[in-house]
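Read through the structure below, which is laid out as structure tokens, and then see the notes.
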Protein chains: 2
Amino acid sequence: MSSIESPSAGQGRLMASGQRRLRLYVTMGQRLLRDSLLFQILLHDEVELVGESETGVATLNRLKRATPSVLLIEENLQDNDGLTIAEHALAVNPSLSVLLISDTPVSSGRMAIYLEAGIKAVVSKDQPVQELIKTLFYIRNGQVYVGNWQQEPAPAAMLAYQALSGREREVAQLMASRLPVRDIAGRLGVSCKTVHSYKDRIFVKLGFERLPELILFMQRHQHGAAE
Amino acid sequence: MSSIESPSAGQGRLMASGQRRLRLYVTMGQRLLRDSLLFQILLHDEVELVGESETGVATLNRLKRATPSVLLIEENLQDNDGLTIAEHALAVNPSLSVLLISDTPVSSGRMAIYLEAGIKAVVSKDQPVQELIKTLFYIRNGQVYVGNWQQEPAPAAMLAYQALSGREREVAQLMASRLPVRDIAGRLGVSCKTVHSYKDRIFVKLGFERLPELILFMQRHQHGAAE
DNA sequence: TTAGCGGTGTAGGAACTTCCTACAGCAGTG
DNA sequence: CACTGCTGTAGGAAGTTCCTACACCGCTAA
């Protein structure tokens with residue numbers, strides 16, 4: 001079976017040139033968060049999960065064998081604190097990119113300490129998932145990410161919504177109510193393909209990549225205008 | 001354009017008969033968990049998010065207007081405890097199904113208290129996401145779910161893996177490594193459609209519904225056999 | 001004032017996924 | 001021996017993501 005390897009190939013579809021696989025290790029106490037985060041993260045096919053554990057010591061034990069390029073670790077672990085573990089990990093492998101997840105928004109004082117320790121970024125549990133994901137991909141090649149770790153309430157998407165054209169909003173609303181594309185097309189009197197085009201443009205404008213994002217956003221937008 | 005409404009239609013695809021929309025309200029302090037859980041939950045298109053909040057009082061204020069059928073609420077809220085809020089909510093609307101998310105596994109004593117209070121199910125943050133989702137759908141019509149709130153380590157999927165046939169395991173492994181279907185087909189010398197069939201059967205056997213579940217499972221299986 | 005630029009409405013193609021059906025062979029079992 | 005169920009194989013229908021195309025319209029800068 002020497003078979004059919006396409007030569008350039010690698011990862012199917014088109015893949016940004018320099019992007020190597022992101023080898024991820026996750027240390028997080030609670031399964032629920034770990035799982036649901038991983039589902040999000042593994043949606044991106046350049047990510048490979050090379051290990052996970054619930055405690056700091058388990059992490060340190062496994063880290064040398066797993067050879068991750070990024071470590072995603074909670075600040076508050078059952079047995080230790082993430083910063084300490086991260087420091088140990090960095091002592092062994094300085095090229096590791098560490099993303100710390102803190103329970104609360106970080107003060108700039110804390111942030112300075114973290115950066116000093118060689119941590120590449122910090123995301124608080126009060127931030128949206130996409131923020132975490134974005135950060136994860138940002139730091140993967142060793143860059144430091146000091147993004148909006150200060151809050152920034154979230155006008156981003158709301159503003160973006162303003163930028164939708166009339167037709168785009170119609171489609172966004174209908175899609176959020178889970179009407180199948182065919183029915184949306186029928187209702188608007190255009191072809192399915194056109195509806196898809198709208199969807200694509202909406203995604204670009206709002207920065208989404210998958211339908212559930214749009215649905216969550218729109219459903220929040222509907223009940224949550226009052227939020 | 002009176003257009004093309006298919007008559008029976010409703011929700012596209014085929015929809016289990018009695019299944020009405022699940023109107024969901026979520027009360028959860030941290031955005032990260034709330035978001036990533038919602039992305040999972042909204043994958044199921046019978047779910048409609050009718051509201052969410054971070055605190056107990058906000059929940060009580062909005063609950064009457066949102067008219068959810070299911071309330072997903074954390075046990076430990078910043079301002080209150082979930083049980084109390086749930087009791088208030090149930091006093092107003094006894095037909096509400098409440099699913100409580102506890103930080104730690106619940107003892108049977110606690111469980112009794114919860115059930116007494118009219119809560120339909122409890123899921124701990126140490127359980128896998130699918131457990132939460134399953135529970136959510138289970139209680140949606142008012143049933144009580146006392147599933148395996150005791151742990152049950154997780155042999156379920158592992159056992160299921162044993163049940164895969166040789167060819168199925170091959171495919172599962174290749175898919176987990178993110179090889180595109182076409183390449184898998186080439187490598188195994190069969191048609192793409194056949195590979196899809198394997199995938200379908202794997203999903204049925206392991207109880208999965210989406211590719212990321214398989215990927216997470218297999219990647220855990222690979223590094224984590226030693227877990 | 002005209003040429004160019006960007007946004008909007010429209011649509012098609014390629015590749016892939018999910019869901020469902022079909023069927024032949026083999027193995028076990030009543 | 002016939003029936004049942006699992007395994008390997010494959011096709012169809014519909015939906016999704018990603019990308020390209022193009023006409024029209026209005027604004028701006030030469």
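Within every chain, numbering begins at 1; the chains are lettered A, B, ... in the order of the sequence lines, protein sequences first and strands thereafter.
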Would you kindly give the [atom1]-to-[atom2] distance between [X] and [N], to the nearest whole Å?
X	N	atom1	atom2	answer
B:E170	D:dT9	CD	C1'	14 Å
B:I184	C:dA15	CD1	C1'	15 Å
B:I202	D:dC6	CD1	C1'	15 Å
B:R178	C:dT17	CZ	C1'	15 Å

Results of side-chain hydrogen bond (donor to acceptor under 3.5 Å, both in side chains) for [X] - residues two or more places apart only:
X	answer
B:T55	none
B:T59	B:T27, B:S53
A:N93	A:S95
B:Y198	none

Quiz item: cation-pi between B:R169 and B:Y161, 6.0 Å / 45°:
yes
For A:V190, what residues pass the side-chain contact (heavy atoms from CB on, under 4.5 Å) criterion, not counting sequence neighbours?
A:R167, A:L188, A:T194, A:V195
Suppose we screen for side-chain contact (heavy atoms from CB on, under 4.5 Å). Which residues come up paired with A:R210, at least two apart in sequence or across chains?
A:L43, A:H44, A:P212, A:E213
I'd like a list of close polar pairs between nucleotides 7-14 of chain C and the protein, N/O only, cut-off under 3.5 Å.
from: C:dT8; atom 1: OP2; to: A:K205; atom 2: NZ; distance (Å): 2.6
from: C:dG9; atom 1: OP2; to: A:S165; atom 2: OG; distance (Å): 2.5
from: C:dG9; atom 1: N7; to: A:R201; atom 2: NH2; distance (Å): 2.2
from: C:dG9; atom 1: O6; to: A:R201; atom 2: NH2; distance (Å): 3.2
from: C:dT10; atom 1: OP2; to: A:R167; atom 2: NE; distance (Å): 3.0
from: C:dT10; atom 1: OP2; to: A:Y198; atom 2: OH; distance (Å): 2.6
from: C:dT10; atom 1: O4; to: A:R201; atom 2: NH2; distance (Å): 3.3
from: C:dA11; atom 1: OP2; to: A:S191; atom 2: N; distance (Å): 2.8
from: C:dA11; atom 1: OP2; to: A:T194; atom 2: OG1; distance (Å): 2.5
from: C:dA11; atom 1: O5'; to: A:T194; atom 2: OG1; distance (Å): 3.3
from: C:dA11; atom 1: N7; to: A:S197; atom 2: OG; distance (Å): 2.6
from: C:dA11; atom 1: N6; to: A:S197; atom 2: OG; distance (Å): 2.5
from: C:dG13; atom 1: N7; to: A:K193; atom 2: NZ; distance (Å): 3.0
from: C:dG13; atom 1: O6; to: A:K193; atom 2: NZ; distance (Å): 2.7

Quick one: ring pair (Phe, Tyr, Trp, His ring centres under 6.0 Å) partners of A:F203, sequence neighbours excluded?
none
Scan nucleotides 23-27 of chain D against the protein and return all N/O pairs shorter than 3.5 Å with their distances rounded to 0.1 Å.
none

Can you tell me if B:R182 touches the phosphate of C:dA15, counting only side-chain N or O atoms and a distance under 4.0 Å to OP1 or OP2?
no
